[in-house]
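Only one structure is covered here, and it is reproduced in the block below.
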Amino acid sequence: MNPRLRLGSLLASLLVASTAVVGCRPCEELEARICRDLGPEDCARWKAPPLDRTGLGSDRMSSEMCSNNLAEPKYSRIFDIARGLVESSKNLEKAQDLIDDAKRRHHPP
């Protein structure tokens, strides 16, 4: 067999195999994309309780659903939900801090 033909066949096989591996974990891809778009700090908040990935993680969705949600326009909507939940979580934390400060001021030790 021609060495160039063999190399071409090998490269084509590797390309097909790598594409298959990447496509096998759409839920992990979806989670990684959301985290990449949120940034590290917001991703950590999104993954942690009480948000706990808000039902978008691989343990809550089928691979087919995750794969469908990677495509636009669905991804944008899912990302907007994740971002909104993270922002709401931050706002609730700030509100709780204000309540705690007010309590300390009105009821000193």
Side-chain angles (χ1 to χ4, degrees):
M1 182 181 238
N2 183 337
R4 283 187 177 174
L5 184 59
R6 227 180 319 162
L7 180 60
S9 295
L10 177 62
L11 289 175
S13 296
L14 287 173
L15 179 63
V16 168
S18 66
T19 302
V21 169
V22 169
C24 287
R25 296 197 159 90
C27 293
E28 289 176 17
E29 289 177 48
L30 178 61
E31 185 175 317
R33 184 173 174 192
I34 290 170
C35 280
R36 189 172 48 249
D37 291 346
L38 284 173
E41 185 179 318
D42 287 349
C43 173
R45 182 180 289 267
W46 177 66
K47 285 183 167 184
L51 295 181
D52 196 23
R53 295 184 322 228
T54 63
L56 302 176
S58 58
D59 57 338
R60 294 177 182 88
M61 251 192 225
S62 71
S63 290
E64 183 179 350
M65 287 176 67
C66 290
S67 183
N68 290 337
N69 290 332
L70 278 164
E72 293 296 342
K74 288 183 181 180
Y75 175 76
S76 291
R77 285 181 273 188
I78 285 178
F79 176 72
D80 288 344
I81 291 168
R83 183 178 50 208
L85 288 168
V86 167
E87 291 305 313
S88 294
S89 172
K90 289 178 183 179
N91 290 335
L92 284 171
E93 195 173 282
K94 289 176 188 175
Q96 187 61 54
D97 289 345
L98 290 171
I99 290 168
D100 293 344
D101 287 346
K103 285 180 181 178
R104 280 192 292 275
R105 276 186 261 130
H106 288 8
H107 303 288

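No experiment lies behind these values; they were computed from the predicted model shown. Start at 1 with the first residue, then count along the sequence.
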- prompt: Are Ile99 and Gln96 side-chain neighbours, meaning at least one heavy-atom pair lies under 4.5 Å?
  reply: yes
- prompt: Got a second to check how far Met65's CE is from Lys74's NZ, nearest 0.5 Å?
  reply: 8.5 Å
query: Taking C-beta and beyond as the side chain, do Arg83 and Val86 meet within less than 4.5 Å on heavy atoms?
result: no
field: Where Leu70 and Pro26 come nearest, the two heavy atoms and their spacing
entry: CD1-O, 3.8 Å
- request: Look up atom CD in Glu31 and atom CZ in Arg53, then write down how far apart they are to the nearest 0.5 Å.
  value: 4.5 Å
- prompt: Atom CD of Glu28 and atom SG of Cys66: how far apart are they, to the nearest 0.5 Å?
  reply: 9.5 Å
- prompt: Under a 4.5 Å side-chain heavy-atom rule over Ile, Leu, Val, Met, Phe, Trp and Tyr, are Leu38 and Leu92 clustered together?
  reply: no
- line: In terms of heavy-atom contacts, Phe79 and Ile34 come closest through CE1-O, 3.9 Å
- prompt: Does Asp80 come within less than 4.0 Å of Arg77, counting only side-chain N to carboxylate O?
  reply: no
query: Are any non-hydrogen side-chain atoms of Asp42 and Glu87 less than 4.5 angstrom apart?
result: yes
query: More than 12 foreign heavy atoms under 6.0 Å from CD of Glu72: is that the case here?
result: yes
Gap separating the CD1 atom of Ile81 from the OG atom of Ser76, nearest 0.5 angstrom: 11.0 Å
- prompt: Would you say Ser88's side chain and Gly84's backbone share a donor-acceptor pair under 3.5 angstrom?
  reply: yes
- line: Distance col, row Ile78:CD1 vs Asn69:CG, nearest 0.5 angstrom, shows 3.0 Å
